[in-house]
Protein chains: 4
Amino acid sequence: MRSETSTPQDDPTSSSRSFIETARRRQLIDAAVATVNEVGYHRASLAEIGRRAGIVKSAIGYYFSSKEALLLELVQEAFTALGESVLGAVSGREGATARLRAYAEAYLAHVDAHRHAIAAAVEVVVSHRTADGTPLYLVEDEEDTALLRSILTAGMDEGVFRRMPVAVVTGLVEAVLDRAITVVQRDPRADLGDLRSHAVPFLLRSLGAGDE
Amino acid sequence: MRSETSTPQDDPTSSSRSFIETARRRQLIDAAVATVNEVGYHRASLAEIGRRAGIVKSAIGYYFSSKEALLLELVQEAFTALGESVLGAVSGREGATARLRAYAEAYLAHVDAHRHAIAAAVEVVVSHRTADGTPLYLVEDEEDTALLRSILTAGMDEGVFRRMPVAVVTGLVEAVLDRAITVVQRDPRADLGDLRSHAVPFLLRSLGAGDE
Amino acid sequence: MRSETSTPQDDPTSSSRSFIETARRRQLIDAAVATVNEVGYHRASLAEIGRRAGIVKSAIGYYFSSKEALLLELVQEAFTALGESVLGAVSGREGATARLRAYAEAYLAHVDAHRHAIAAAVEVVVSHRTADGTPLYLVEDEEDTALLRSILTAGMDEGVFRRMPVAVVTGLVEAVLDRAITVVQRDPRADLGDLRSHAVPFLLRSLGAGDE
Amino acid sequence: MRSETSTPQDDPTSSSRSFIETARRRQLIDAAVATVNEVGYHRASLAEIGRRAGIVKSAIGYYFSSKEALLLELVQEAFTALGESVLGAVSGREGATARLRAYAEAYLAHVDAHRHAIAAAVEVVVSHRTADGTPLYLVEDEEDTALLRSILTAGMDEGVFRRMPVAVVTGLVEAVLDRAITVVQRDPRADLGDLRSHAVPFLLRSLGAGDE
DNA sequence: CATGAATGAGCATTCATTCAT
DNA sequence: AATGAATGAATGCTCATTCAT
């Protein structure tokens, strides 16, 4: 049983969501993804999101405490899944080159497979501002790039990657990988095959690693 | 609609702009840049833009037919200037490597020097949707990347760049260069020195060109 | 409308309340008192009242036909208890002065002892309007002040109180006594000792009665 | 000229209001008074206030930054006028009894003459809560009762008033005078004649002052 | 040219109430 | 007897746009 309030909220510690509540939150996040992708963050109103989920807009407040809470959950879900994909792919790999390759391939594969969720999450992150005007991308970032930074730092220490300031090279590698997101944002049905096969060698060469 | 009145509009063929009209449009675009950079596209209202320009919001309609027209002009101006910078830098250069280097250095230098205008233009491009929901980046793109595409195509034909699908490699190079924009968007006072000195060799290596 | 169903309602003639129903109504009224005192009439929602009572808001409809019915019961209960207190204190007293003193002291003592219920009831009376906009204090009043009016009238007839229009003097005495309510509304933990000891002599002097 | 913003606000220092702006603010405050008196604070929506003022609700934001600002102005205006009335009446009077009599008579006369504004202001003060839930009457009070407190203190020091705790006696005198407000709140067309003629002797007797 | 004024649509949010289970 | 779920109306507020002067 949840706390006495009749409106379930976005309490992250609440592990006791009813079946229908879980389903509704799923529906709403999916509807938010679809709405943001179709009409953009700016025009993604609760009324429209609710319409797509088959729910009246005021009922959204029953599952999310606010529009911001819904969108933030969308973002967190998408990036958490992406992080888990790359973490799983890198785990067990030895050597900076192999680890970076695994990272990049998993990253691109995940974006390819979950393009709608990722595209919407990026749109939200780029567009959303908290109440005091702070953009979202100023909040996170440190943690998100930790794995990539560690791989690149290790590679430079091992001597297999060219030495560059870690902040610079991390940003450049991210920029290259995020090209996949840009592509699917522009065309949700784009074929990422060519990009996926060329981006990794492109990256390894740029780092000065042998592209064997 | 205002189109049929005698008030000056954003008609690109109208060569009859008065001195004061030109100045007012300048003020408004600059104010729009500052506003978008500070509070984000979402909260950049005409009232706020007018306030910064020292113009009452209802007078904005005299210089731009709509908010959209003002923002579009901001975007076009910023990207036109960027295009002219790189075009000027590339002109007269011979050889794909030298031309790409000139392109990239000019691109980064321009972003560094005109960071506010560029950051605002990108924010608008990413966030704005036309009335039917179409994002702005679907409109342009072909023309904007023509020079870069031609350089890369020539380089691959000359054999100095690795052969890759031109769309893919163009996108990747753009992604790397646009990292500079991301950086200044996140911190308007960021120092791009490290990025500028490392991004070009990074790019040339990625293309398989000797980094002589 | 619920009236025609078999669910128990706020029908005052219904003498067939189950034990649990009585208890639930008690809980809800107490929770309403606490809520109104803490957040004010305006923000005292059924959800919040239910939360404090440990009852889900939709279940409130089972014990009270509407929010208004709940609040009206709260009001009636508080004022009925106050009326019984003063009636009990006055009974058996002889002489207008003694009766008024008993009335005033009992009134102030009751407000002191039941400050939460009284404060909430007054807040509701002052703030609530029926659907057509009528305030609550237009409904009662005649009956509520009957005892006080009779004491004052008798006192004036006996010649121990100055002669004044009965409506005026009744209102003034009530105003003085209600000062206790104002005090506890502003500070629920206020000490009424000073007020209680000075208000009665104040009143008797104002009526021209010797303060023996 | 006012600051560049196109929406005039409730800046108290701005002494440069246009003619129409002053008139509109007057209309809106009057409409708010009428609305609060008729349907109560609770149901006094901006739409309804605007309707009575012949203005669309969104235009209210042009003259007042928020609903709260409008209501607070209503309150301040009413109480400032009341304060000026009593201050003017007391000025020049010598002796605590004469000063209190002047105070009370001016107070009652003002409430009689400006009953609508006063009744609405009191309703707002009693019902309104700031964003954090604080009622309005906790904010002021100190300053509002300063004159009355000083008169009563002086009277007790002079020995013409019975000695009582100043907080208690101030509250009781206020309670008596505020009876006039209660009366006009309950019936806007009530005749205060009887009350006005009897309340002052009532008060002076209660203070132990000779009622000659 | 420019302004103050006004409008109407759209927004997120709150809430009493209803209903199937 | 009770609950979670859902609804629809209402509210304060923002904003691009229009218009008379």
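By convention in this document, chain letters (A, B, ...) are assigned in the order of the sequence lines, proteins followed by strands, and residues within each chain are numbered from 1.
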Query raised in the report: According to a strict under-4.0 Å criterion, is A:Tyr63 in side-chain N/O contact with OP1 or OP2 of F:dA6?
Result: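 Yes, because at least one side-chain N or O of A:Tyr63 sits under 4.0 Å from OP1 or OP2 of F:dA6.
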Query raised in the report: Taking only side-chain nitrogens and oxygens of D:Tyr62, does any of them come within less than 4.0 Å of OP1 or OP2 of E:dA5?
Result: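 D:Tyr62 to E:dA5 OP1/OP2: side-chain N or O found under 4.0 Å.
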Requested in this report: Describe, in one word, how the ring planes of A:Tyr41 and B:His42 are oriented to each other, choosing from parallel (under 30°), tilted (30 to 60°) and perpendicular (over 60°).
Outcome: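 Plane angle over 60°, so perpendicular.
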What is the distance, rounded to the nearest whole Å, between atom [atom1] of [X] and atom [atom2] of [N]?
{"X": "B:Arg24", "N": "E:dT3", "atom1": "CZ", "atom2": "C1'", "result": "12 Å"}
{"X": "A:Leu71", "N": "E:dC11", "atom1": "CG", "atom2": "P", "result": "14 Å"}
{"X": "D:Leu70", "N": "F:dG12", "atom1": "CG", "atom2": "P", "result": "11 Å"}
{"X": "D:Lys67", "N": "F:dT11", "atom1": "NZ", "atom2": "C1'", "result": "8 Å"}
{"X": "D:Leu28", "N": "E:dA5", "atom1": "CG", "atom2": "P", "result": "12 Å"}
{"X": "A:Phe64", "N": "E:dA12", "atom1": "CZ", "atom2": "C1'", "result": "16 Å"}

Query raised in the report: So A:Arg26 and A:Glu21, salt bridge (charged side-chain N to carboxylate O under 4.0 Å, His left out) or not? Walk me through it.
Result: CA-CA 8 Å; A:Arg26 180 74 278 126; A:Glu21 184 183 345; over 6 Å; no
Requested in this report: Just call it for D:Ile20: base, sugar-phosphate, or nothing, with non-hydrogen atoms closer than 4.0 Å on any strand.
Outcome: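 Here D:Ile20 touches the backbone only, sparing every base.
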Query raised in the report: Does DNA chain E take part in any stems of at least 3 consecutive Watson-Crick or G-U pairs (both distances under 3.5 Å), and if so, which ones?
Result: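 Consecutive-pair runs (3 or more) involving DNA chain E: E:2-21 with F:2-21.
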**Report entry** Proximal nucleotide (of E:dA16, F:dA6, F:dA5) relative to the A:Ala59 side chain
**Finding:**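 Ranking E:dA16, F:dA6, F:dA5 by closest atom to the A:Ala59 side chain puts F:dA6 first.
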Report task. Applying side chain to side chain donor-acceptor pair (under 3.5 Å), run through C:Glu123 and C:His128 and close with a yes or a no. Result -> CA-CA 8 Å; C:Glu123 167 113 18; C:His128 187 77; over 6 Å; no
Query - Spacing of A:Leu28 atom CG and A:Ile49 atom CD1 [to the nearest 0.5 Å] - result: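 Here the interatomic distance stands at 8.0 Å.
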**Report entry** Rounded distance (nearest 0.5 Å) linking atom OG1 of C:Thr134 with atom CD of D:Glu38
**Finding:**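 Nearest 0.5 Å value for the OG1-CD distance: 10.5 Å.
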Requested in this report: Report the C-alpha separation of C:Arg43 and C:Glu48 in whole Å, then their side-chain angles, then the decisive distance to 0.1 Å, and conclude whether the salt bridge (charged side-chain N to carboxylate O under 4.0 Å, His left out) test is met.
Outcome: CA-CA 9 Å; C:Arg43 306 187 187 209; C:Glu48 176 64 15; over 6 Å; no
Query raised in the report: When you measure from every atom of DNA chain F, which of residues 38-58 of chain A have a heavy atom less than 4.0 Å away?
Result: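 Per residue number, the list reads A:Val56, A:Ser58.
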